[in-house]
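Notes for the one structure printed next.
By convention here, the first residue in the shown sequence is residue 1.
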Amino acid sequence: MKDLKPDPNAAASQLSTVRDFLRWALSEFRRAKVVHGHGTTSALDEAAFLILETLRLPVDDINPWLDATLLASERQVLADLIRARIETRMPAAYLVKRAYIGSLSFYVDERVIVPRSYIGELMLSGIFGGDEAPLIEDVTQVTAVLDLCTGSGCLAIIAAGIFPDAEIDAADLSADALAVAHINVEEHGVAERVSLHQGDLFAAVDGATYDLIICNPPYVAAAEVDAFPPEYGHEPVMAHIGGEDGLDLVHRILAEAADHLNPGGGLICEIGTGRELLVAAYPHLDFLWLDTEEQQGEVFWITREQLLEPGN
């Protein structure tokens with residue numbers, strides 16, 4: 001079959017409904033072999049997200065809108081965005097300037113990695129204050145939280161919603177990332193409780209201590225970053241690269257975390273696929289691995305007391 005290029009003008013003039021555009025986008029994405037992983041995991045999900053977000057419709061279910069007829073202006077915008085997704089290989093989240101964790105919406109652009117942290121999913125599932133063996137039972141006892149490597153600020157904002165009496169520090173080395181975090185903090189109305197700090201890991205907070213540290217650091221091995229498909233190349237390299245084996249920053253965090261945790265406090269940290277390497281490097285540490293439907297063994301929890309046990 002001849003490999004056709006997407007024709008947005010033909011699509012805008014000949015297609016009429018949401019269903020039509022969903023079918024066309026899916027066909028074009030599959031033909032072009034675009035890569036997913038920035039909040040969606042398939043061509044169908046990304047096509048649905050791009051259409052729904054562009055039309056300012058709820059992104060959780062496209063089915064109620066499939067037979068809706070689109071205005072000519074809407075058809076042209078959608079057709080142009082679908083072509084742009086293919087020709088630029090830019091993730092849909094950047095094209096529409098929006099990403100989601102659960103039902104929470106965040107502004108994003110190319111100054112930050114597209115938020116997709118498993119920690120966010122875990123936090124929203126009730127690991128803090130939930131009914132089934134939560135890591136922290138009484139969320140009102142948490143008064144200080146640090147979101148290290150905050151990026152877009154999404155985890156700090158989620159923490160502000162979970163811990164009603166906590167002041168949140170959100171730290172990042174990137175001034176560009178913090179500018180995006182500022183947009184999200186303002187948008188979610190938590191500017192009075194979430195403070196942004198620029199600096200290299202714990203140096204950004206100058207000796208402060210916390211009841212909880214949340215961290216989704218760069219953890220991709222250098223060789224993997226070099227082999228990224230174009231979609232991932234649109235994200236800041238510094239938000240991905242974690243050294244030769246991906247764990248450079250994780251080692252630094254583990255070395256310093258206890259000094260920044262209050263008694264009874266803990267660290268939740270995402271490390272990608274480096275579990276075996278981490279366990280081999282720290283056989284004396286009792287990591288608790290937290291799984292979700294999408295991942296196993298990429299997020300750990302460890303307490304201050306475990307980090308300070310003799311021999312650690």
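- Residues meeting the ring pair (Phe, Tyr, Trp, His ring centres under 6.0 Å) test with H240, sequence neighbours left out: F228.
- H36 places no side-chain N or O within donor-acceptor distance of the main-chain N or O of L44, the cut-off being under 3.5 Å.
- With sequence neighbours left out, R193 forms a salt bridge (charged side-chain N to carboxylate O under 4.0 Å, His left out) with no residue at all.
- Residues L290 and L135 form a side-chain contact, since some pair of their non-hydrogen atoms from C-beta on lies under 4.5 Å apart.
- Within the model, atoms CG of L81 and CD1 of I86 stand 11.5 Å from one another, a figure rounded to the nearest 0.5 Å.
- Looking at D60 and P58, their side chains come closer than 4.5 Å, going by heavy atoms from C-beta outward.
- Shortest non-hydrogen contact noted between Y219 and G272 is CE1-CA, 3.3 Å.
- In this structure R75 satisfies the salt bridge (charged side-chain N to carboxylate O under 4.0 Å, His left out) test with no other residue, sequence neighbours excluded.
- With sequence neighbours left out, the ring pair (Phe, Tyr, Trp, His ring centres under 6.0 Å) criterion links H182 to no other residue.
- A donor and an acceptor atom, one from each side chain of S27 and R31, are nowhere located under 3.5 Å apart.
- Across L22 and A48, no two heavy atoms sit closer than the pair CD1-N, 3.8 Å.
- Placement of I101 and V108 in two distinct hydrophobic clusters is found when ILVMFWY residues are connected by side-chain heavy-atom separations under 4.5 Å, directly or transitively.
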Please step through side chain to side chain contact (heavy atoms under 4.5 Å, CB included) for the pair F49 and V96, ending with a clear verdict.
-> CA-CA 10 Å; F49 167 74; V96 298; 3.9 Å; yes

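- Residues A79 and W24 share a closest heavy-atom pair of CA-CZ3, 3.9 Å.
- Sorted by first and then second residue, the salt bridge (charged side-chain N to carboxylate O under 4.0 Å, His left out) pairs with a member in residues 110-139 read D109-R111, R116-E235; sequence neighbours excluded.
- Summarising the geometry, atom CG belonging to D259 is positioned 7.5 Å from atom CG belonging to L308; distances are rounded to the nearest 0.5 Å.
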Using the side chain to side chain contact (heavy atoms under 4.5 Å, CB included) rule, take E74 and V77 through it: C-alpha gap first, then chi angles, then the decisive distance, then the call.
-> CA-CA 5 Å; E74 294 173 324; V77 168; 5.8 Å; no

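- Scanning for salt bridge (charged side-chain N to carboxylate O under 4.0 Å, His left out) contacts around E298 gives an empty result, with sequence neighbours left out.
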Side chains of residues 166-173: which donor-acceptor partners sit under 3.5 Å, not counting sequence neighbours?
unit_1, atom_1, unit_2, atom_2, d
D169, OD1, H197, NE2, 3.0
D169, OD2, Y210, OH, 2.6
D172, OD1, S174, N, 2.9
D172, OD2, T150, N, 3.3
D172, OD2, G151, N, 2.8

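- Side-chain heavy atoms closer than 4.5 Å link hydrophobic residues (I, L, V, M, F, W, Y) into clusters, and following such links, possibly through other members, connects L212 to I127.
- Taking hydrophobic clusters as Ile, Leu, Val, Met, Phe, Trp and Tyr residues chained together by side-chain heavy-atom distances below 4.5 Å, L52 shares a cluster with L26.
- Between the CD atom in E256 and the CG atom in L148 there is a gap of 9.0 Å [rounded to 0.5 Å].
- Note on I268 and I136: same hydrophobic cluster, where clusters join Ile, Leu, Val, Met, Phe, Trp and Tyr whose side-chain heavy atoms are under 4.5 Å apart, directly or indirectly.
- Side-chain N or O atoms of Q306 include one that pairs as donor or acceptor with a backbone N or O of T303 at under 3.5 Å.
- Considering only heavy atoms from C-beta on, I214 stays 4.5 Å or farther from L146 through its side chain.
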From CA spacing to verdict: side chain to side chain contact (heavy atoms under 4.5 Å, CB included), M123, I158 = CA-CA 8 Å; M123 292 172 69; I158 292 173; 3.8 Å; yes

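- In the hydrophobic clustering of ILVMFWY residues, with side-chain heavy atoms under 4.5 Å counting as a link, V194 and V205 come out apart.
- Summarising the geometry of A156 relative to D147, their closest heavy-atom pair is N-OD2, 3.1 Å, with the distance given to 0.1 Å.
- Atoms CG and CZ, on L267 and R304 in that order, are 13.5 Å from each other to the nearest 0.5 Å.
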List the steps and the verdict of side chain to side chain contact (heavy atoms under 4.5 Å, CB included) for I271 and V299.
-> CA-CA 6 Å; I271 64 161; V299 178; over 6 Å; no

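- Using a 4.5 Å cut-off on side-chain heavy atoms (C-beta onward), N216 and L155 make contact.
- Environment of CG in D61: crowded, with over 12 heavy atoms of neighbouring residues, nucleotides or ligands closer than 6.0 Å.
- A tilted orientation is assigned to the rings of Y232 and H38, their planes being inclined by 30° to 60°.
- D211 and T143 share a donor-acceptor pair across their side chains, judged by distance under 3.5 Å alone.
- Distance check: Q296 CD to Y118 OH gives 9.0 Å after rounding to the nearest 0.5 Å.
- Checked by atom type and distance alone, the side chain of T41 never pairs as donor or acceptor with a backbone atom of G37 at under 3.5 Å.
- Pairs engaging residues 9-21 under the salt bridge (charged side-chain N to carboxylate O under 4.0 Å, His left out) rule: R19-D67 [sequence neighbours left out].
- Scanning both residues, I253 and C215, for their nearest heavy atoms gives CD1-SG, 3.5 Å.
- At a threshold of 4.5 Å between non-hydrogen side-chain atoms, the residues R252 and L201 count as touching.
- Identified under the salt bridge (charged side-chain N to carboxylate O under 4.0 Å, His left out) test for residues 32-53, with sequence neighbours left out: E46-R85.
- Considering only heavy atoms from C-beta on, L104 stays 4.5 Å or farther from I157 through its side chain.
- Contact of the N184 side chain with the C154 side chain is not registered, since no non-hydrogen atoms from C-beta on lie closer than 4.5 Å.
- With sequence neighbours left out, the ring pair (Phe, Tyr, Trp, His ring centres under 6.0 Å) criterion links F300 to F287, W289.
- The two residues P164 and V139 make their nearest non-hydrogen contact at CD-CG2, 4.1 Å.
- Note that SG of C269 and CD1 of I213 are 10.0 Å apart. Values are rounded to the nearest 0.5 Å.
- In this structure, a donor-acceptor pair under 3.5 Å is absent between the side chains of Q295 and D291.
- Under the salt bridge (charged side-chain N to carboxylate O under 4.0 Å, His left out) criterion, R98 pairs with E187, sequence neighbours left out.
- Between P218 and C149 the shortest side-chain heavy-atom distance falls below 4.5 Å.
- By the 30° and 60° cut-offs, the orientation of the rings of H284 relative to Y282 is tilted.
- Legend: residues meeting ring pair (Phe, Tyr, Trp, His ring centres under 6.0 Å) with F163, ordered by chain and number and at least two apart, are F128.
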